[in-house]
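Structure first, then comments.
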Amino acid sequence: MKLLVTGGAGFIGSHFIRQWFLVHPDDEIINLDILTYAGRLENLSDVESNPKYRFVKGDICDEKLVAELIEEVDLVVHFAAESHVDRSIESSKDFIRSNVEGTRVLLEAARKKNIPPRFHHVSTDEVFGSLKLDDKKFTELSSYDPRSPYSASKAASDHLARAYFHTYGLPITISNCSNNYGPYQFPEKLIPRFVTNILLDKKLPLYGQGENVRDWIYVIDHVEGIMKVIAQGRIGETYCLGGDNELNNLTIAKEILKLLDKDEAMVEYVADRLGHDLRYAIDYTKARTELNWSPNTTFTEGLKHTTEWYKNNKTWWQSLI
(Lines give C-alpha, C1' and ligand atoms only; values in the text may rest on other atoms or scores of the structure.)
Protein backbone atom coordinates (compact mmCIF):
# COMPACT_ATOMS: atom_id res chain seq x y z
CA MET A 1 0.00 0.00 0.00
CA LYS A 2 1.11 3.56 -0.65
CA LEU A 3 0.03 6.40 1.64
CA LEU A 4 -0.09 10.18 1.42
CA VAL A 5 0.24 11.63 4.91
CA THR A 6 -0.41 15.36 5.14
CA GLY A 7 1.27 17.27 7.95
CA GLY A 8 3.54 14.33 8.64
CA ALA A 9 6.34 16.52 10.00
CA GLY A 10 4.09 17.73 12.79
CA PHE A 11 3.63 16.28 16.25
CA ILE A 12 0.92 13.66 15.69
CA GLY A 13 1.68 13.05 12.02
CA SER A 14 5.33 12.19 12.68
CA HIS A 15 4.34 9.68 15.35
CA PHE A 16 1.83 8.16 12.92
CA ILE A 17 4.45 7.70 10.20
CA ARG A 18 6.87 6.09 12.64
CA GLN A 19 4.20 3.77 14.02
CA TRP A 20 2.86 2.86 10.57
CA PHE A 21 6.32 1.74 9.43
CA LEU A 22 6.68 -0.37 12.58
CA VAL A 23 3.51 -2.27 11.73
CA HIS A 24 3.66 -2.07 7.91
CA PRO A 25 7.37 -1.99 6.99
CA ASP A 26 6.71 -2.82 3.32
CA ASP A 27 4.33 0.07 2.70
CA GLU A 28 5.39 3.37 1.12
CA ILE A 29 4.66 6.79 2.60
CA ILE A 30 4.72 10.22 0.98
CA ASN A 31 4.83 12.95 3.62
CA LEU A 32 3.40 16.26 2.33
CA ASP A 33 4.17 19.13 4.70
CA ILE A 34 4.75 22.85 4.15
CA LEU A 35 6.92 23.01 7.30
CA THR A 36 5.24 25.81 9.20
CA TYR A 37 6.65 26.71 12.61
CA ALA A 38 5.27 23.48 14.14
CA GLY A 39 6.39 21.12 11.36
CA ARG A 40 9.99 19.95 11.71
CA LEU A 41 11.97 17.43 9.69
CA GLU A 42 13.89 16.62 12.89
CA ASN A 43 10.73 14.88 14.09
CA LEU A 44 11.41 12.13 11.54
CA SER A 45 15.21 11.98 11.51
CA ASP A 46 14.99 8.25 12.29
CA VAL A 47 12.97 7.43 9.16
CA GLU A 48 14.37 9.86 6.59
CA SER A 49 16.83 7.24 5.29
CA ASN A 50 14.07 4.66 4.76
CA PRO A 51 13.81 4.09 0.97
CA LYS A 52 10.05 3.66 1.34
CA TYR A 53 9.69 7.16 2.81
CA ARG A 54 9.55 10.32 0.72
CA PHE A 55 9.20 13.89 1.92
CA VAL A 56 7.56 16.52 -0.28
CA LYS A 57 7.62 20.12 0.88
CA GLY A 58 4.37 21.62 -0.31
CA ASP A 59 1.05 23.24 0.48
CA ILE A 60 -2.17 21.24 0.77
CA CYS A 61 -3.88 24.20 -0.95
CA ASP A 62 -1.73 23.64 -4.07
CA GLU A 63 -4.28 21.91 -6.30
CA LYS A 64 -1.80 20.76 -8.96
CA LEU A 65 0.67 19.25 -6.50
CA VAL A 66 -2.05 17.58 -4.42
CA ALA A 67 -3.67 16.05 -7.53
CA GLU A 68 -0.31 14.65 -8.69
CA LEU A 69 0.45 13.08 -5.32
CA ILE A 70 -3.01 11.60 -4.84
CA GLU A 71 -2.70 9.87 -8.21
CA GLU A 72 0.12 7.82 -6.68
CA VAL A 73 -1.55 6.58 -3.50
CA ASP A 74 -4.17 4.20 -2.13
CA LEU A 75 -4.75 5.96 1.20
CA VAL A 76 -4.76 9.59 2.36
CA VAL A 77 -4.31 10.30 6.08
CA HIS A 78 -4.99 13.98 6.66
CA PHE A 79 -3.29 15.54 9.71
CA ALA A 80 -2.25 18.89 8.24
CA ALA A 81 -3.91 21.73 10.14
CA GLU A 82 -3.34 24.92 12.03
CA SER A 83 -4.13 23.77 15.55
CA HIS A 84 -3.40 26.31 18.28
CA VAL A 85 -6.51 27.95 19.74
CA ASP A 86 -4.71 31.06 21.00
CA ARG A 87 -3.27 31.74 17.54
CA SER A 88 -6.72 31.33 15.98
CA ILE A 89 -8.10 33.95 18.37
CA GLU A 90 -5.39 36.40 17.29
CA SER A 91 -6.14 35.74 13.58
CA SER A 92 -8.38 33.17 11.94
CA LYS A 93 -7.11 33.66 8.38
CA ASP A 94 -4.52 30.86 8.27
CA PHE A 95 -6.92 28.48 10.04
CA ILE A 96 -9.63 28.94 7.43
CA ARG A 97 -7.14 28.59 4.59
CA SER A 98 -5.38 25.45 5.85
CA ASN A 99 -8.15 23.65 7.70
CA VAL A 100 -11.07 24.37 5.38
CA GLU A 101 -9.67 25.15 1.93
CA GLY A 102 -6.80 22.69 2.32
CA THR A 103 -9.20 19.91 3.23
CA ARG A 104 -11.43 20.79 0.27
CA VAL A 105 -8.48 20.62 -2.13
CA LEU A 106 -7.51 17.17 -0.84
CA LEU A 107 -11.07 15.83 -0.96
CA GLU A 108 -11.61 17.19 -4.46
CA ALA A 109 -8.44 15.61 -5.78
CA ALA A 110 -9.34 12.30 -4.13
CA ARG A 111 -12.83 12.17 -5.60
CA LYS A 112 -11.52 13.00 -9.12
CA LYS A 113 -9.11 10.06 -9.14
CA ASN A 114 -10.30 7.16 -11.29
CA ILE A 115 -10.27 4.84 -8.27
CA PRO A 116 -10.58 7.20 -5.28
CA PRO A 117 -8.21 6.47 -2.39
CA ARG A 118 -9.43 5.74 1.09
CA PHE A 119 -9.43 9.05 2.95
CA HIS A 120 -9.04 9.36 6.72
CA HIS A 121 -9.60 12.79 8.24
CA VAL A 122 -8.11 13.54 11.67
CA SER A 123 -10.15 15.94 13.80
CA THR A 124 -10.65 17.09 17.38
CA ASP A 125 -13.18 16.95 20.21
CA GLU A 126 -13.25 20.76 20.22
CA VAL A 127 -15.78 20.71 17.37
CA PHE A 128 -18.39 19.63 19.93
CA GLY A 129 -18.04 22.75 22.08
CA SER A 130 -17.86 22.84 25.85
CA LEU A 131 -19.22 20.52 28.53
CA LYS A 132 -20.34 21.37 32.03
CA LEU A 133 -18.55 19.47 34.78
CA ASP A 134 -21.51 17.11 35.27
CA ASP A 135 -22.41 16.66 31.57
CA LYS A 136 -22.09 13.31 29.83
CA LYS A 137 -19.04 12.88 27.62
CA PHE A 138 -18.93 13.61 23.89
CA THR A 139 -19.87 10.80 21.54
CA GLU A 140 -20.05 10.46 17.77
CA LEU A 141 -23.68 11.65 18.04
CA SER A 142 -22.88 14.87 19.91
CA SER A 143 -24.04 18.07 18.23
CA TYR A 144 -21.41 20.36 16.79
CA ASP A 145 -21.00 23.60 18.71
CA PRO A 146 -17.50 25.01 17.97
CA ARG A 147 -16.59 28.06 20.02
CA SER A 148 -13.21 29.24 18.71
CA PRO A 149 -12.02 30.03 15.18
CA TYR A 150 -9.82 26.92 15.37
CA SER A 151 -12.64 24.56 16.32
CA ALA A 152 -14.99 26.20 13.81
CA SER A 153 -12.47 25.56 11.02
CA LYS A 154 -12.10 21.92 12.09
CA ALA A 155 -15.88 21.52 12.27
CA ALA A 156 -16.13 22.83 8.71
CA SER A 157 -13.52 20.33 7.52
CA ASP A 158 -15.41 17.46 9.21
CA HIS A 159 -18.60 18.52 7.44
CA LEU A 160 -16.78 18.71 4.11
CA ALA A 161 -15.44 15.17 4.53
CA ARG A 162 -18.91 13.85 5.28
CA ALA A 163 -20.37 15.81 2.37
CA TYR A 164 -17.90 14.19 -0.03
CA PHE A 165 -18.92 10.78 1.28
CA HIS A 166 -22.65 11.42 0.91
CA THR A 167 -22.47 13.38 -2.36
CA TYR A 168 -19.70 11.59 -4.24
CA GLY A 169 -19.32 8.30 -2.40
CA LEU A 170 -15.73 9.11 -1.41
CA PRO A 171 -14.60 6.40 1.04
CA ILE A 172 -13.89 8.52 4.12
CA THR A 173 -13.58 7.97 7.84
CA ILE A 174 -13.17 10.59 10.56
CA SER A 175 -11.65 10.44 14.04
CA ASN A 176 -12.19 13.04 16.76
CA CYS A 177 -9.56 12.89 19.50
CA SER A 178 -9.07 14.44 22.91
CA ASN A 179 -5.98 16.46 23.95
CA ASN A 180 -2.75 14.81 22.81
CA TYR A 181 0.56 14.91 24.64
CA GLY A 182 3.94 13.25 24.27
CA PRO A 183 7.44 13.72 22.79
CA TYR A 184 7.98 16.14 19.89
CA GLN A 185 4.99 18.36 20.76
CA PHE A 186 5.63 22.02 19.97
CA PRO A 187 6.20 23.94 23.23
CA GLU A 188 3.27 26.32 22.75
CA LYS A 189 0.93 23.55 24.00
CA LEU A 190 0.18 23.23 27.70
CA ILE A 191 2.20 20.21 28.83
CA PRO A 192 5.43 20.92 26.89
CA ARG A 193 5.16 24.60 27.75
CA PHE A 194 4.94 23.85 31.46
CA VAL A 195 7.77 21.31 31.30
CA THR A 196 10.11 23.56 29.32
CA ASN A 197 9.28 26.60 31.46
CA ILE A 198 10.28 24.68 34.58
CA LEU A 199 13.50 23.51 32.93
CA LEU A 200 14.23 27.17 32.18
CA ASP A 201 13.24 28.20 35.72
CA LYS A 202 10.30 30.25 34.42
CA LYS A 203 6.79 30.59 35.82
CA LEU A 204 3.91 28.41 34.61
CA PRO A 205 1.22 30.70 33.12
CA LEU A 206 -2.11 29.18 34.18
CA TYR A 207 -5.33 30.53 32.68
CA GLY A 208 -7.94 31.69 35.20
CA GLN A 209 -7.86 29.45 38.26
CA GLY A 210 -6.76 26.35 36.35
CA GLU A 211 -10.24 24.80 36.54
CA ASN A 212 -10.62 23.92 32.85
CA VAL A 213 -10.78 20.15 32.31
CA ARG A 214 -9.38 18.17 29.39
CA ASP A 215 -9.26 14.47 28.57
CA TRP A 216 -5.62 13.65 27.84
CA ILE A 217 -4.52 10.96 25.38
CA TYR A 218 -0.93 9.83 24.89
CA VAL A 219 0.02 10.38 21.26
CA ILE A 220 0.98 6.74 20.58
CA ASP A 221 -2.44 5.58 21.81
CA HIS A 222 -4.02 8.12 19.47
CA VAL A 223 -2.14 7.05 16.35
CA GLU A 224 -2.80 3.39 17.13
CA GLY A 225 -6.49 4.31 17.31
CA ILE A 226 -6.26 5.97 13.90
CA MET A 227 -4.62 2.86 12.49
CA LYS A 228 -7.48 0.76 13.89
CA VAL A 229 -10.02 3.06 12.21
CA ILE A 230 -8.18 2.76 8.90
CA ALA A 231 -7.95 -1.03 9.18
CA GLN A 232 -11.40 -1.84 10.56
CA GLY A 233 -13.58 1.28 10.60
CA ARG A 234 -16.78 1.43 8.59
CA ILE A 235 -16.67 3.76 5.59
CA GLY A 236 -18.55 7.01 6.20
CA GLU A 237 -18.33 6.64 9.97
CA THR A 238 -16.80 8.76 12.74
CA TYR A 239 -14.89 7.35 15.72
CA CYS A 240 -14.11 9.23 18.93
CA LEU A 241 -10.72 8.46 20.50
CA GLY A 242 -10.27 9.46 24.14
CA GLY A 243 -7.69 8.88 26.82
CA ASP A 244 -9.76 8.23 29.97
CA ASN A 245 -7.75 10.95 31.73
CA GLU A 246 -9.92 13.92 32.72
CA LEU A 247 -7.81 16.41 34.62
CA ASN A 248 -7.98 20.14 35.20
CA ASN A 249 -5.06 22.35 34.23
CA LEU A 250 -4.06 23.08 37.83
CA THR A 251 -3.70 19.35 38.49
CA ILE A 252 -1.54 19.02 35.37
CA ALA A 253 0.70 21.83 36.59
CA LYS A 254 1.07 20.22 40.02
CA GLU A 255 1.89 16.81 38.54
CA ILE A 256 4.62 18.28 36.33
CA LEU A 257 6.06 20.29 39.24
CA LYS A 258 6.15 17.12 41.32
CA LEU A 259 7.96 15.16 38.59
CA LEU A 260 10.57 17.91 38.28
CA ASP A 261 10.85 18.42 42.03
CA LYS A 262 9.70 22.03 41.97
CA ASP A 263 7.50 24.16 44.22
CA GLU A 264 3.92 25.24 43.44
CA ALA A 265 5.09 28.83 43.84
CA MET A 266 6.13 28.54 40.19
CA VAL A 267 2.46 28.69 39.14
CA GLU A 268 1.42 32.13 37.88
CA TYR A 269 -2.29 32.76 37.40
CA VAL A 270 -2.97 34.83 34.28
CA ALA A 271 -6.05 36.31 32.58
CA ASP A 272 -8.25 33.59 31.13
CA ARG A 273 -8.37 32.82 27.42
CA LEU A 274 -11.26 34.45 25.54
CA GLY A 275 -14.18 32.01 25.26
CA HIS A 276 -12.26 29.33 27.15
CA ASP A 277 -14.20 26.06 27.01
CA LEU A 278 -14.67 24.56 30.46
CA ARG A 279 -14.43 20.84 29.76
CA TYR A 280 -13.86 18.30 27.01
CA ALA A 281 -14.33 14.56 27.55
CA ILE A 282 -14.71 11.69 25.09
CA ASP A 283 -16.71 8.49 25.34
CA TYR A 284 -14.86 6.03 23.07
CA THR A 285 -17.33 3.15 23.47
CA LYS A 286 -17.83 2.88 19.71
CA ALA A 287 -14.09 2.49 19.06
CA ARG A 288 -13.81 -0.03 21.88
CA THR A 289 -16.72 -2.20 20.75
CA GLU A 290 -16.24 -1.99 16.97
CA LEU A 291 -12.46 -1.76 16.72
CA ASN A 292 -11.30 -3.35 19.99
CA TRP A 293 -9.35 -0.15 20.69
CA SER A 294 -8.68 1.43 24.08
CA PRO A 295 -5.87 3.67 25.30
CA ASN A 296 -3.03 1.69 26.88
CA THR A 297 -1.02 4.45 28.56
CA THR A 298 -1.95 5.80 31.98
CA PHE A 299 -1.49 9.52 32.43
CA THR A 300 1.13 8.91 35.11
CA GLU A 301 3.19 6.77 32.72
CA GLY A 302 2.74 9.07 29.75
CA LEU A 303 3.52 12.26 31.64
CA LYS A 304 6.66 10.76 33.17
CA HIS A 305 7.92 9.60 29.76
CA THR A 306 7.07 12.97 28.17
CA THR A 307 8.80 14.96 30.90
CA GLU A 308 11.91 12.80 30.64
CA TRP A 309 11.97 13.26 26.86
CA TYR A 310 12.00 17.06 27.15
CA LYS A 311 14.69 16.88 29.84
CA ASN A 312 16.87 14.74 27.58
CA ASN A 313 16.20 16.56 24.29
CA LYS A 314 16.85 20.21 25.07
CA THR A 315 18.49 20.79 21.69
CA TRP A 316 15.18 19.91 20.02
CA TRP A 317 13.15 22.60 21.81
CA GLN A 318 15.46 25.32 23.09
CA SER A 319 15.57 27.14 19.76
CA LEU A 320 11.76 27.17 19.66
CA ILE A 321 11.21 29.07 22.92
Side-chain angles (χ1 to χ4, degrees), residues 7-23 37-50 79 83-84 177-207 210 212-227 241-268 280 293-321:
F11 167 48
I12 305 173
S14 62
H15 280 284
F16 174 84
I17 289 173
R18 193 176 294 106
Q19 202 70 15
W20 189 275
F21 274 136
L22 283 175
V23 179
Y37 72 95
R40 309 187 73 205
L41 291 179
E42 296 94 324
N43 294 355
L44 286 165
S45 58
D46 54 335
V47 302
E48 61 186 5
S49 61
N50 186 332
F79 291 95
S83 66
H84 192 48
C177 68
S178 54
N179 278 41
N180 281 241
Y181 70 102
Y184 296 103
Q185 189 171 31
F186 196 81
E188 67 185 358
K189 299 300 176 73
L190 186 139
I191 287 177
R193 186 176 187 188
F194 282 5
V195 172
T196 56
N197 271 25
I198 293 170
L199 295 174
L200 294 171
D201 201 31
K202 295 168 63 176
K203 295 279 190 178
L204 309 189
L206 192 64
Y207 283 135
N212 302 79
V213 175
R214 299 294 182 262
D215 173 23
W216 294 91
I217 184 170
Y218 191 60
V219 63
I220 299 300
D221 288 337
H222 178 204
V223 300
E224 288 179 346
I226 291 170
M227 291 168 66
L241 304 173
D244 257 350
N245 293 304
E246 280 192 69
L247 298 164
N248 67 38
N249 291 343
L250 179 57
T251 300
I252 298 288
K254 289 179 178 179
E255 289 298 315
I256 295 171
L257 287 165
K258 188 187 305 180
L259 281 171
L260 293 173
D261 196 27
K262 294 293 183 178
D263 193 279
E264 289 181 26
M266 293 192 74
V267 174
E268 180 181 38
Y280 306 142
W293 175 86
S294 296
N296 293 314
T297 310
T298 68
F299 187 74
T300 299
E301 296 167 340
L303 187 63
K304 182 177 180 180
H305 180 70
T306 301
T307 301
E308 286 298 312
W309 187 88
Y310 282 93
K311 283 175 63 178
N312 296 327
N313 290 273
K314 292 182 180 179
T315 56
W316 183 89
W317 57 264
Q318 281 180 324
S319 64
L320 307 176
I321 301 297

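Remember, predicted model here, so these are calculated numbers, not experimental data.
A tilted orientation is assigned to the rings of Tyr184 and Trp309, their planes being inclined by 30° to 60°. Ring orientation note: the planes of Phe79 and Phe16 are tilted relative to one another, at an angle of 30° to 60°. Taking the six-membered ring where the residue is Trp, Tyr310 and Trp317 present tilted rings, their angle falling between 30° and 60°.
Using a 4.5 Å cut-off on side-chain heavy atoms (C-beta onward), Ile252 and Glu255 make no contact. Two residues are said to be in side-chain contact when any heavy atoms from C-beta on lie closer than 4.5 Å; Phe186 and His84 fail this criterion. At a threshold of 4.5 Å between non-hydrogen side-chain atoms, the residues Tyr37 and Leu320 do not count as touching. Side-chain contact between Met227 and Val23 is present, with heavy atoms from C-beta onward closer than 4.5 Å. Contact annotation: the side chain of Trp316 approaches that of Asn43 to within less than 4.5 Å [non-hydrogen atoms, C-beta and beyond]. Using a 4.5 Å cut-off on side-chain heavy atoms (C-beta onward), Phe299 and Leu247 make contact. Counting heavy atoms from C-beta outward, Arg193 and Pro205 have side chains that approach closer than 4.5 Å. Contact check for Thr297 versus Ile220: no side-chain heavy atoms found under the 4.5 Å cut-off.
The two residues Ala253 and Val267 come nearest to each other via the heavy atoms CB-CG2, 4.3 Å. Nearest heavy-atom pair, Glu224 versus Asn296, reported as atom, atom and distance to 0.1 Å: OE1-ND2, 3.9 Å. Closest heavy-atom contact between Leu44 and Ile17: CD1-CD1, 3.9 Å. Taking each heavy atom of Pro187 and Thr196 in turn, the nearest pair found is CB-OG1, 4.1 Å. Here the closest heavy-atom approach between residue Ile226 and residue Leu241 is recorded as N-CD1, 3.9 Å. Nearest heavy atoms, Gly242 versus Pro295: O-CG, 3.5 Å.
Trp293 and Asp221 are not linked by any side-chain donor-acceptor pair at a separation below 3.5 angstrom, with hydrogens and angles left out of the test.
Paired with Leu259 under the rule side chain to side chain contact (heavy atoms under 4.5 Å, CB included), one option of Ile198, Thr306, Thr307, Val195 passes, and it is Thr307.
A distance of 8.0 Å separates CG in Asp263 from CG in Leu257, rounded to the nearest 0.5 Å. Atom CE of Met266 sits about 13.0 Å away from atom CG of Leu206, to the nearest 0.5 Å. From Ser319, atom OG reaches atom CD of Glu42 across 7.5 Å, with rounding to the nearest 0.5 Å. Rounded to the nearest 0.5 angstrom, Arg18 CZ and Asn50 CG are separated by 12.0 Å. Taking NZ of Lys258 as the reference point, atom OG1 of Thr251 lies at 9.5 Å (rounded to 0.5 Å). Taken from CG in Leu260 to NZ in Lys311, the straight-line distance is 6.0 Å, to the nearest 0.5 Å.
Listed for the His222 side chain is no donor-acceptor partner under 3.5 Å among the backbone atoms of Gly243. Without hydrogens or angle criteria, Lys203 side chain to Ala265 main chain gives a donor-acceptor distance under 3.5 Å. Put simply, the side chain of Asn180 gets close to the backbone of Ser178: a donor and an acceptor are under 3.5 Å apart. Asp215 contributes no side-chain N or O that, together with a main-chain N or O of Tyr280, makes up a donor-acceptor pair within less than 3.5 Å.
Around the CG atom of Asn312, the shell of radius 6.0 Å holds more than 12 heavy atoms that belong to other residues, nucleotides or ligands.
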- request: Walk me through it: do Tyr218 and Glu301 pass the test side-chain contact (heavy atoms from CB on, under 4.5 Å)?
  value: CA-CA 9 Å; Tyr218 191 60; Glu301 296 167 340; over 6 Å; no
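Because its NZ or CZ atom is not both nearer than 6.0 Å to the ring centre of Tyr181 and within 45° of the ring axis, Arg214 does not count as a cation-pi partner of that residue.
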